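Note that ligands are numbered from 1 as they come in the structure, with each ligand's atoms numbered from 1 the same way. What you see is a predicted model, and the numbers here were worked out from it, not measured in a lab. Basis for what follows: all heavy atoms, side chains included, without hydrogens, waters or symmetry-related copies.
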Amino acid sequence: MEPQNNISNAFCSSLLLFSMNLLFLQHVSTATHLGNETDRLALLEFKHQVVNYRDGTLNSWNDSLPHCQWQGVTCSYRHQRVTALNLRGHGLVGSISPHIGNLTFLRFIDLRNNSFNGEIPQEVGRLFRLRHLNLTNNAIGGAIPVNLSRCSELRIIELATNNLVGKIPPEMGSLNKLVTLFLRANNLTGSIPHSVGNLSSLEQITVTFNNLEGSLPIQLGQLKRLTYLSIGVNHFSGMVPQTLYNISTITSFSVGENLLKGSLPANIGLTLPRLQVLGIGANQFSGTIPYSITNVSELQVLDLPENNVKGPVPNNLGDLKNLRILNVGINLLGTNTSQDLSFITSLTNCSNLQRLDLDGNNFGGELPNSIGNFSHQLTELGLGRNQISGIIPQDSKDLPTCTIPSNLGKLQRLQQLLLYGNRLSGQIPPSLGNLSQMYSLFLAINRLEGNIPSSIGNCQNLQMLELSQNRLTGIIPKDVMSFSSLSKHLNLSQNSLNGSLPQEVGKLRNINTLDISNNKLSGEIPGTIGDCSSLEYLNMQGNLFEGTIPLTLASLKGIQHLDLSGNNMSGEIPKDLGSLRFLQYLNLSFNELEGEVPTKGVFKNASAISVVGNTKLCGGILELNLPPCPTNVKKHGRPKAFKIGIIVGSVVLFSMLMMSFGALCFWRKERTRFSSGNLIGSGSFGSVYKGSLQQGKERLVAVKVLELEKSGASKSFAAECRALRNIRHRNLVKILSYCSSIDSKGNEFKALVYEFMENGSLDSWLHPEIVEVNTLRTLNLLQRLNIAIDVSSALHYLHNHCETPVIHCDLKPSNILLDNDLTAHVGDFGLARLHSGKTNDILQQQNSSIGVKGSIGYAAPGMILSYFVLDLDHRYVSFS
Ligand SMILES: *[C@@H]1O[C@H](CO)[C@@H](O)[C@H](O)[C@H]1NC(C)=O
Ligand SMILES: *[C@@H]1O[C@H](CO)[C@@H](O)[C@H](O)[C@H]1NC(C)=O
Ligand SMILES: *[C@@H]1O[C@H](CO)[C@@H](O)[C@H](O)[C@H]1NC(C)=O
Ligand SMILES: *[C@@H]1O[C@H](CO)[C@@H](O)[C@H](O)[C@H]1NC(C)=O
Ligand SMILES: *[C@@H]1O[C@H](CO)[C@@H](O)[C@H](O)[C@H]1NC(C)=O
Ligand SMILES: *[C@@H]1O[C@H](CO)[C@@H](O)[C@H](O)[C@H]1NC(C)=O
Ligand SMILES: *[C@@H]1O[C@H](CO)[C@@H](O)[C@H](O)[C@H]1NC(C)=O
Ligand SMILES: *[C@@H]1O[C@H](CO)[C@@H](O)[C@H](O)[C@H]1NC(C)=O
Ligand SMILES: *[C@@H]1O[C@H](CO)[C@@H](O)[C@H](O)[C@H]1NC(C)=O
Ligand SMILES: *[C@@H]1O[C@H](CO)[C@@H](O)[C@H](O)[C@H]1NC(C)=O
């Protein structure tokens, strides 16, 4: 039985072997099958966690297609396993499912530029084949998962611009194939782990814009392949390890905005020969700028501002042919001697120079005229807050005393020129007006003299103009006020400018800060200032301004700081200043203001306002300690005794009288250009003056100035323009012109200019006033009949012969004007309406607020003439 047994044993073994093989084979195929099913399920889970997708990318992830053909999914050819997930920039919102860890064949994940939130699941640690993980620009929070360090094949980790918190896991030091580690713009804390030195393949690391702290590990110096080191805007402190300066492969070394100390090694140019960017700004570096830096021929950016670097700037910086940015501002460079700026000339060799910033150092001496030979790429030139002075040899003959080289005008691309806080004297070269790209020009705090060149008005992109604290004289050129671009600030304070503030100030619609204080400016403050609708800070103190405070100041809705102190302003304080919601500081002290101090808004707060030194003010809040106002000063006072019902009527009448009187006074005061002697009449919306036009032969005209304060006046103006636009008849008053603009106080001004009618209105003939007694005039019957015919023919024309019938609506003797041979002309179309002609409806171009009188078919009561006329044309009488 043994052999049999053996045989059977052998048979059994082979059978076993066979079936094992069979089993094994079966196992393999099941594994593959199960594997791709696992992937499918994991992808569906991934989809499940994405709560919103903009472009429907994940709609394709359905059963109608095998998952390897789903959008963004890549599978391996042989095993049909998912190897890459590429879903960048699809607007995906949601969290990353932990089931992603089941996609064990994944090598490449790119979810950048979506809106993933939640955390990176620890399960990514199961992706042991992962090489490339890009989650840049999402909203992922939580910590960097420690298990990520188990993905030992990782080459690229990019997690920049997310909300990651916590520490950089020291375990990541094991990723010895890692080339790129980008963690920029998160909220990581802690320090850079020492294990970073074990990332022996690392070439690029950035942790800029985090909350990292501590000292930089000396182990960074072990990264022999490092080219890109960017750790700026953190709280790193202590010395920069000298070993870092020994990594000769580095091209970009940026450590700005930390608390780092130390000095640049003297041989940096030899140890870091490939540097393109050296940025150490806003730290506590000391020492000098190493001369060897000029050996780094590829250097493009030398950015050392806000440190304690001292000594001279190497004279041969111009050897750095590729230099684009040289920023050494706010250091201790220079020795306030004439040699300090000698390096500038060599910089003219740097044909790519875009920015030169030497601001806030101790550079003395003169500004070499070679500055004009700088690269025409230069956009920013900052030399402010130094000791620069002296007269410079000019190549321009016309400005012998100018210490700002007029050559600067050649730098066409210059956008920023900062020369403030030096000792520059002489005049501002007009050639600066050639710098049409300029957006900030700072020449403040120097000894500049002469006029402000009006050519500066050519700098149409200027947003900030700072000329304060110089010795400038002359007027403010109106061109300087003409840029609407000037959006940030204009400061001309502390000079000796005279003349008035140009009307054009109103064009500074975008300006935020306007300071013209402490000059010798005089005249009235133009009302156009109310158009500077973005103003937040306005300082006019210490000038010789006079006249009243423009009411238009109350339209500066965003104003926070308003100072008119130390001028000769008179009149009352406009009450409306109290309605400026953001006003926190109002200084009206030391003027000649009078009347009542308002009590609303800013006037409620004694610490926010100052009105001292105005002897004629009264009222206001108690803290101001002003005398009470005499009651009759109150214009709008409503004495309680008058509350008795019986005399309400007379109060109304009285106040109407007062108001019209007040309006007249106000109006007389405001419109000084038309003297009251020339007043020839007044109507509902304005007054009519006699005037003359001098174009060749003198021609008399009547000018109707609308009182726009009255509601409806603007509409009346529009109605009149519309009505008279297309009509012409011998019995209509001819309109010669109109004006619609802003007057010298900034008030809206609208006027109509008519032919002058020597014989005045029919009303003045029918109802002569006492004053006209000595020129008493009467009309005989024939004249009256002729006038009636004139008026009726005018109306006939208006009603029947205009393209769109015009209905006067306010026909009365005072609107019928007589010329020198007593021919009647119908005037005042302020209430006129255009009639559609087809139906009875009126074109609703006006609303009824215009005035109760303006109704169709209206004619002044008792005006026989009008009835007569209207009878001829009774078609329109029947309306109303
Ligand atoms: C899964 O693998 C099996 C076996 O290799 C194959 O037949 C099937 O098509 C794969 N499924 C997908 C969705 O790729
Ligand atoms: C992923 O793997 C885990 C652990 O093996 C398992 O529990 C889970 O069900 C898997 N997910 C899917 C979607 O298959
Ligand atoms: C499933 O995907 C296919 C193409 O990938 C698509 O045409 C179809 O509309 C999808 N089905 C649904 C229900 O979204
Ligand atoms: C991010 O995605 C949006 C929309 O998909 C796109 O407009 C934007 O240019 C992308 N940004 C980057 C940096 O890819
Ligand atoms: C993370 O890694 C640890 C081993 O370091 C392991 O025990 C744990 O299961 C992993 N966690 C996940 C969620 O994969
Ligand atoms: C990762 O995404 C960022 C942001 O879109 C991109 O700049 C970067 O090149 C990507 N990295 C790789 C290796 O593709
Ligand atoms: C960053 O974290 C700090 C505290 O760790 C927190 O105060 C700060 O608000 C966070 N900043 C952002 C942008 O999340
Ligand atoms: C770096 O790696 C070496 C060997 O691979 C190991 O001994 C050492 O502990 C690691 N250092 C850190 C800080 O992880
Ligand atoms: C820098 O490298 C040189 C030679 O490669 C070496 O002599 C020197 O000690 C190194 N300096 C530092 C601080 O590591
Ligand atoms: C550095 O440059 C200077 C001249 O600027 C030159 O004399 C010197 O040889 C250079 N050094 C090296 C190491 O190239």
Side-chain angles (χ1 to χ4, degrees), residues 27-76 79-109 111 116-133 135 140-154 157 159 162 164-178 190 193 195-196 198-199:
H27 175 77
V28 167
S29 86
T30 312
T32 314
H33 179 70
L34 287 181
N36 67 18
E37 181 59 10
T38 303
D39 285 2
R40 197 179 69 88
L41 293 175
L43 289 172
L44 286 174
E45 286 294 333
F46 178 89
K47 174 184 174 180
H48 191 64
Q49 293 291 314
V50 180
V51 295
N52 179 22
Y53 28 93
R54 188 189 54 223
D55 55 6
T57 311
L58 298 192
N59 287 348
S60 73
W61 289 26
N62 65 39
D63 285 338
S64 74
L65 281 180
H67 67 262
C68 287
Q69 292 171 38
W70 292 351
Q71 192 177 343
V73 177
T74 307
C75 290
S76 59
H79 299 295
Q80 292 290 300
R81 299 296 306 265
V82 175
T83 54
L85 206 48
N86 188 345
L87 291 168
R88 74 164 109 142
H90 285 293
L92 303 178
V93 181
S95 60
I96 300 173
S97 165
H99 295 279
I100 200 170
N102 294 17
L103 299 168
T104 46
F105 279 68
L106 263 185
R107 290 160 165 255
F108 181 99
I109 299 176
L111 303 179
F116 281 100
N117 47 44
E119 301 188 4
I120 305 173
Q122 286 285 351
E123 284 77 0
V124 295
R126 296 170 59 194
L127 303 176
F128 62 92
R129 292 183 172 96
L130 193 64
R131 288 168 172 247
H132 180 136
L133 175 64
L135 305 179
I140 299 167
I144 300 173
V146 173
N147 281 13
L148 193 59
S149 60
R150 292 152 56 95
C151 306
S152 54
E153 290 294 316
L154 270 170
I157 299 178
L159 307 177
N162 279 290
L164 295 169
V165 295
K167 299 187 174 181
I168 301 173
E171 291 82 352
M172 286 177 75
S174 64
L175 298 173
N176 59 11
K177 294 182 181 165
L178 197 65
S195 62
V196 72
N198 275 6
L199 298 171

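Polar contact with ligand 5: absent for Arg126 (N/O pair, distance under 3.5 Å).
Counting only heavy atoms of the protein, atom 4 (C) of ligand 3 lies nearest to Leu65 CD1, 4.1 Å. Distance from atom 6 (C) of ligand 3 to its nearest protein heavy atom, with residue and atom name: Asn62 ND2, 4.3 Å. If you check which protein heavy atom lies closest to atom 5 (O) of ligand 5, you get Arg150 NH1, 3.3 Å. Atom 13 (C) of ligand 2 has His99 ND1, 3.5 Å as its closest protein atom, hydrogens excluded (heavy atom only). The protein non-hydrogen atom at the shortest distance from atom 11 (N) of ligand 5 is Asn147 ND2, 2.7 Å.
Val124 places a side-chain heavy atom less than 4.5 Å from the side chain of Pro145. Between Met172 and Leu175, the closest side-chain pair of non-hydrogen atoms falls below 4.5 Å.
The proximity of Asn102 to ligand 2, defined as any non-hydrogen pair under 4.0 Å, is limited to the side chain.
When only modelled atom types and interatomic distance are considered, Gln49 and Ser95 share a side-chain donor-acceptor pair under 3.5 Å.
Less than 4.0 angstrom separates some heavy atom of Glu45 from each of these atoms of ligand 2: 13 (C). Below 4.0 Å from some heavy atom of Ser64 lie the following atoms of ligand 3, by number and element: 1 (C), 2 (O), 3 (C).
Ion pairing between a basic and an acidic side chain is recognised when a charged N comes within 4.0 Å of a carboxylate O; Arg126 and Glu123 show no such pairing.
When atom types are taken as modelled, the side chain of Lys47 and the backbone of Trp61 share a donor-acceptor pair closer than 3.5 angstrom.
The cationic group of Arg131 does not satisfy the cation-pi geometry with Phe108, failing either the under 6.0 Å distance to the six-membered ring centre or the 45° limit from the ring axis.
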